[in-house]
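Below is one structure, written out as structure tokens, with a few remarks after it.
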2 protein chains.
Amino acid sequence: MDMPIRTTDEVDLDRLNTALGFLVRLAQIKVYEHFFEECGERGLKPGEFSVLWVILHNPGIRQSVLGQRLMIKRAHMTKLIRALEDQGLVSRRIPDDDRRAVEITLTPSAVTMVQQAADWFFAYEGSIGSNLTAAERQQLTALLRKFIGLD
Amino acid sequence: MDMPIRTTDEVDLDRLNTALGFLVRLAQIKVYEHFFEECGERGLKPGEFSVLWVILHNPGIRQSVLGQRLMIKRAHMTKLIRALEDQGLVSRRIPDDDRRAVEITLTPSAVTMVQQAADWFFAYEGSIGSNLTAAERQQLTALLRKFIGLD
DNA sequence: GGGAGATTGTTTCTTTGTAAACAAATTTTG
DNA sequence: CAAAATTTGTTTACAAAGAAACAATCTCCC
């Protein structure tokens, strides 16, 4: 009778070892855990920051377009924007030429706040993948961009 | 007054373009969407399959070890295993040498089921990243493995 | 041996995100 | 032009996943 597995590195993943979807999921979880270790106390989550950052760089962007680019579903986007509005960070405007749509802008105070948050956010982003060499890191970034279709 | 953004590819992501954590998140969402397009009707989700697959290859594995390897939190693992048990796919055994732990095994019917599911699951896994060349795909896999610390 | 602390799993509560049904406005098409 | 189909955002209901508190067991150390 063989010994059952007791420790993590004994575990045999077999074909899962080279399954791209599986590896991406693990990478995503690792990134998230790493974020909350380092920036958990900052009060701004990765999703919130990226939404604010994109609005900063694309003032008046429509909710639907923002959602498409960040791959956030409409139903969820509504809640995110609503919460940001409640915090006084964004304002919504219904354009005349399409009264279904909503155009989103940062409030003046949010502009400075996001610019300051960018300091620690991108410092954190840079610290991800520190077990890779600079070349590997850049290669991984490029491959992910191509994989996602962001080129 | 400049025109607000109307279409997805006009959106300026600025520094987010090379932010590894952000790209990983997008990749993960893309994988998930792709999975449900192709395999949504199969009745077995990626998380469930990977749990069953790892139990198949590591019979008697402990719940905690399984969770560590797949990066699934204990609280969530309890629910997953419970659901699989309710479907008659796994059985739980409390070992004599540590009566806190739970050892998990596939039921005989689950063994054949998982082996069959592996056909379409890994076919799907192989279809991920079809916009990459074979070399790029392999490179991405290797980099992700190193990034995760799976070597 | 026995108490302090760690590990393992469970339960409960909350957060995050999705799905489906809906309403309003716009576009398409016959 | 008017009916049909589509787009956009919201609401409601639900599923997936994590956090914290807890109970049971085990380990360590005196």
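It should be emphasised that the depicted structure is a prediction, and the values quoted were computed from it without experimental measurement. Chain A is the first sequence line, chain B the second, and so forth, proteins listed ahead of strands; every chain is numbered from 1.
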Would you classify B:Arg99 as touching base, sugar-phosphate or nothing, given that sugar-phosphate means primed atoms plus P, OP1 and OP2, and contacts are heavy atoms under 4.0 Å? sugar-phosphate
What about A:Arg100, does its side chain sit under 3.5 Å from the base of D:dG9 through a donor-acceptor pair? no
Both A:Lys79 and A:Arg25 contact DNA chain D. Taking the nearest nucleotide for each, which residue is further toward the 5' end? A:Lys79
What one should report as the nearest heavy-atom pair of A:Leu84 and A:Leu52 is CD1-CD2, 3.9 Å
B:Lys45 NZ to C:dT18 C1', straight-line distance once rounded to whole Å: 12 Å
First of B:Ala101 and A:Asp98 reached from the 5' end of DNA chain C, by closest nucleotide: B:Ala101
Assess whether atom CD of A:Gln87 is packed by more than 12 heavy atoms of other residues, nucleotides or ligands within 6.0 Å. yes
Separation of atom CZ in B:Arg82 from atom P in D:dA17, rounded to whole Å: 18 Å
Surrounding CZ of A:Arg93 (heavy atoms of other residues, nucleotides or ligands, distance under 6.0 Å), is the total greater than 12? yes
How would you label the contact of A:Ser64 with the nucleic acid (heavy atoms, under 4.0 Å): base, sugar-phosphate, or nothing? sugar-phosphate
Please give, in whole Å, the distance from C:dT8 C1' to B:Arg92 CZ? 12 Å
If you look at every strand shown and take non-hydrogen atoms under 4.0 Å, does B:Ala75 touch a base, only sugar-phosphate, or nothing? base
Check: B:Trp53 ring centroid to B:Phe122 ring centroid under 6.0 Å: yes
